[in-house]
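A note on names: the letters A, B, ... follow the listed sequences, proteins ahead of strands, and every chain is numbered from 1. Since the structure is predicted, the reported quantities are computational estimates derived from the model, not experimental observations.
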2 protein chains.
Amino acid sequence: MQTSPHTTKERILTAAEELFARHGFDGASLRQLTAAAGVNLAAVNYHFGSKDRLIEEVFRRRLDQLNGHRMTALSRIAGQPQTTLEDVLAAFIKPALELSHEGSGSLFMRVLARAFAEHDDTLRRFLSENYGHVMRQFTVEFARLLPDLSKEELYWRVDLVTGALTHAMSGFGMIQRKSDVTERMHREQTAEHLIRFAAAGLNAP
Amino acid sequence: MQTSPHTTKERILTAAEELFARHGFDGASLRQLTAAAGVNLAAVNYHFGSKDRLIEEVFRRRLDQLNGHRMTALSRIAGQPQTTLEDVLAAFIKPALELSHEGSGSLFMRVLARAFAEHDDTLRRFLSENYGHVMRQFTVEFARLLPDLSKEELYWRVDLVTGALTHAMSGFGMIQRKSDVTERMHREQTAEHLIRFAAAGLNAP
DNA sequence: GTCTATAGGAGGATAGAC
DNA sequence: GTCTATCCTCCTATAGAC
């Protein structure tokens, strides 16, 4: 796998991420995208085979990292008696928040929000097959900490939490950081907001 | 305004709603759309002027009705001392749920979820100018019932509730109705789920 | 009001030179 | 690996007959 940020492949992926976030998968053309990356039009088909495979690689690059961090964080707390609901939510949310505040990854959550809205079967199958196990592992842990919820109730609430977080982190309603607050503090505060809200929702009577 | 469901305009709007929900605003072409409506290709430009104006009319048709119902429900309870958070949430959620279970409007919430993901400035300005007052009225009432929340906290939580509901009602995670449950009962149960979750989230410590 | 036909351009993909 | 040139399909929009 290529990881240097200077290869043609990486340049295409970065430009594609931004343009898919701003204009959607259909709305961003290979012509715009290759122009923004400073590479030739034919490079996409040479390196990725097709636009659809490029879209998959845009997800893979970020989700491998994001879900890796999530699983690492979860594995440190899963099954332990002193683990709280807030701990599990933090393991899920904080890696995404770190990603969405990195310069190079700040637009990815918007791409992810678009993918949810798309309802595209091919894309959903790709995401489910490659990253479905992450949601399942988190759900197992939520179930352990919320033993009074029926399976149906739990799925409902996890889904609502997912919706709230995707919406929030896609930057739609993200409250702007004030100039007297550091980037790191702002991220901490945002995480606290999201975790408090999600924990209360999951714990509803 | 045309309200008969048999006019060319209405046939186009209904077909457009379904195709925009399934394939997105860019993904659905005027050719697909007019073929599905059983009208001529040129009819869209004759009746609406352009594809963009058609998109606006798709929103207007449903949002006028949806937000009318919401405002009516809110006006019955706003400012009254016995009104609960759950009452206000019901006024917001139930009209949307009724719409999303009507045969003809079941796909509109997916169109709305796409609009959120789009981040398109023109579309967002259109929605804000025409329907922004609804969100503001509801927020006033939430503020009255949650006097301990700072303005910032309140906006955060209302935004998270919006995200959760849009996600849920766009049918992404909508739990299927079982055959021994009537449509009406299922809608009531869904509303209870959403309201309980949202009230708990808004009320978080 | 509704049709056919077409303009005029953008799209993804590829062949073949370098 | 990278380029140019091009194929062919699809798009929105409109002109003009009925």
Side-chain angles (χ1 to χ4, degrees), chain A residues 1-61 111 114-115 118 120-123 126, chain B residues 1-61 111 114-115 118 120-123 126:
Chain A
M1 190 197 293
Q2 298 277 17
T3 50
S4 161
H6 302 300
T7 64
T8 296
K9 274 185 91 150
E10 286 294 324
R11 293 167 59 77
I12 292 173
L13 285 169
T14 299
E17 182 171 78
E18 168 157 4
L19 287 165
F20 289 152
R22 290 197 200 288
H23 307 295
F25 303 113
D26 283 303
S29 72
L30 294 185
R31 284 176 166 79
Q32 285 178 278
L33 194 158
T34 49
V39 303
N40 188 270
L41 171 59
V44 169
N45 281 282
Y46 177 77
H47 285 287
F48 299 95
S50 70
K51 186 179 182 177
D52 281 345
R53 299 245 338 258
L54 167 61
I55 292 173
E56 289 188 0
E57 290 305 313
V58 167
F59 283 103
R60 198 188 303 278
R61 180 173 67 153
V111 179
R114 276 189 189 271
E118 289 284 339
D120 178 274
D121 280 342
T122 308
L123 189 52
F126 168 80
Chain B
M1 189 198 294
Q2 299 276 17
T3 51
S4 160
H6 302 300
T7 65
T8 297
K9 274 184 93 150
E10 286 294 324
R11 293 167 59 75
I12 291 172
L13 286 169
T14 299
E17 182 171 78
E18 167 157 3
L19 286 165
F20 289 152
R22 292 196 199 288
H23 307 296
F25 303 113
D26 283 302
S29 71
L30 295 184
R31 282 181 162 76
Q32 287 178 278
L33 195 157
T34 49
V39 304
N40 189 270
L41 171 60
V44 168
N45 281 282
Y46 178 77
H47 285 286
F48 298 95
S50 69
K51 184 178 181 177
D52 281 346
R53 301 247 335 262
L54 167 61
I55 292 173
E56 290 188 0
E57 290 305 314
V58 167
F59 282 103
R60 198 186 303 278
R61 180 174 67 155
V111 179
R114 277 190 189 270
E118 290 283 340
D120 177 275
D121 281 341
T122 308
L123 189 52
F126 168 81

If I take atom [atom1] in residue [X] and atom [atom2] in nucleotide [N], what distance separates them, rounded to the nearest angstrom?
X: A:R11; N: D:dT2; atom1: CZ; atom2: P; value: 10 Å
X: A:D26; N: D:dT9; atom1: CG; atom2: P; value: 20 Å
X: B:H23; N: C:dG11; atom1: NE2; atom2: P; value: 20 Å
X: A:H6; N: D:dG1; atom1: NE2; atom2: P; value: 17 Å
X: B:L19; N: D:dC11; atom1: CG; atom2: P; value: 12 Å

Is there a side-chain contact between A:V111 and A:F25 in this structure, where contact means two heavy atoms from C-beta onward sitting under 4.5 Å apart?
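Result yes, sub-4.5 Å side-chain heavy-atom pair found.
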
Problem - Exercise: identify the closest heavy-atom pair between B:L41 and B:T34 - result: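 Closest pair (atom of B:L41, atom of B:T34, distance): CA-OG1, 3.6 Å.
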
B/S/- along nucleotides 13-18 of chain C (protein heavy atoms under 4.0 Å) is BB----

Any side-chain N or O of B:T8 less than 4.0 Å from the OP1 or OP2 oxygen of C:dG1?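 Checking C:dG1 against B:T8, no side-chain N or O comes under 4.0 Å of OP1 or OP2.
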
* Examine C:dG11: is either OP1 or OP2 under 4.0 Å from a nitrogen or oxygen in the side chain of A:S29? Give yes or no. =>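 Yes.
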
Run the side-chain contact (heavy atoms from CB on, under 4.5 Å) check on A:R114 and B:E118 step by step: do they pass?
-> CA-CA 7 Å; A:R114 276 189 189 271; B:E118 290 283 340; 3.4 Å; yes

- Message: The test is side-chain contact (heavy atoms from CB on, under 4.5 Å); show your working for A:F59 and A:L123 and say whether it passes.
- Response: CA-CA 10 Å; A:F59 283 103; A:L123 189 52; 3.7 Å; yes

Show, in sequence, the C-alpha distance, side-chain angles and deciding distance for A:E17 and A:R61, and conclude whether the side-chain contact (heavy atoms from CB on, under 4.5 Å) test is met. CA-CA 10 Å; A:E17 182 171 78; A:R61 180 173 67 153; 3.9 Å; yes

### Query
Are A:E56 and A:R53 ion-paired here, with the side-chain N under 4.0 Å from a carboxylate O?
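Judged by the 4.0 Å cut-off on N to carboxylate O distance, A:E56 and A:R53 do not form a salt bridge.
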
- Report the residue (B:H47 or A:Q32) whose heavy-atom-nearest nucleotide on DNA chain C is the more 5′ of the two.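 It is B:H47, whose closest nucleotide lies nearer the 5' terminus.
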
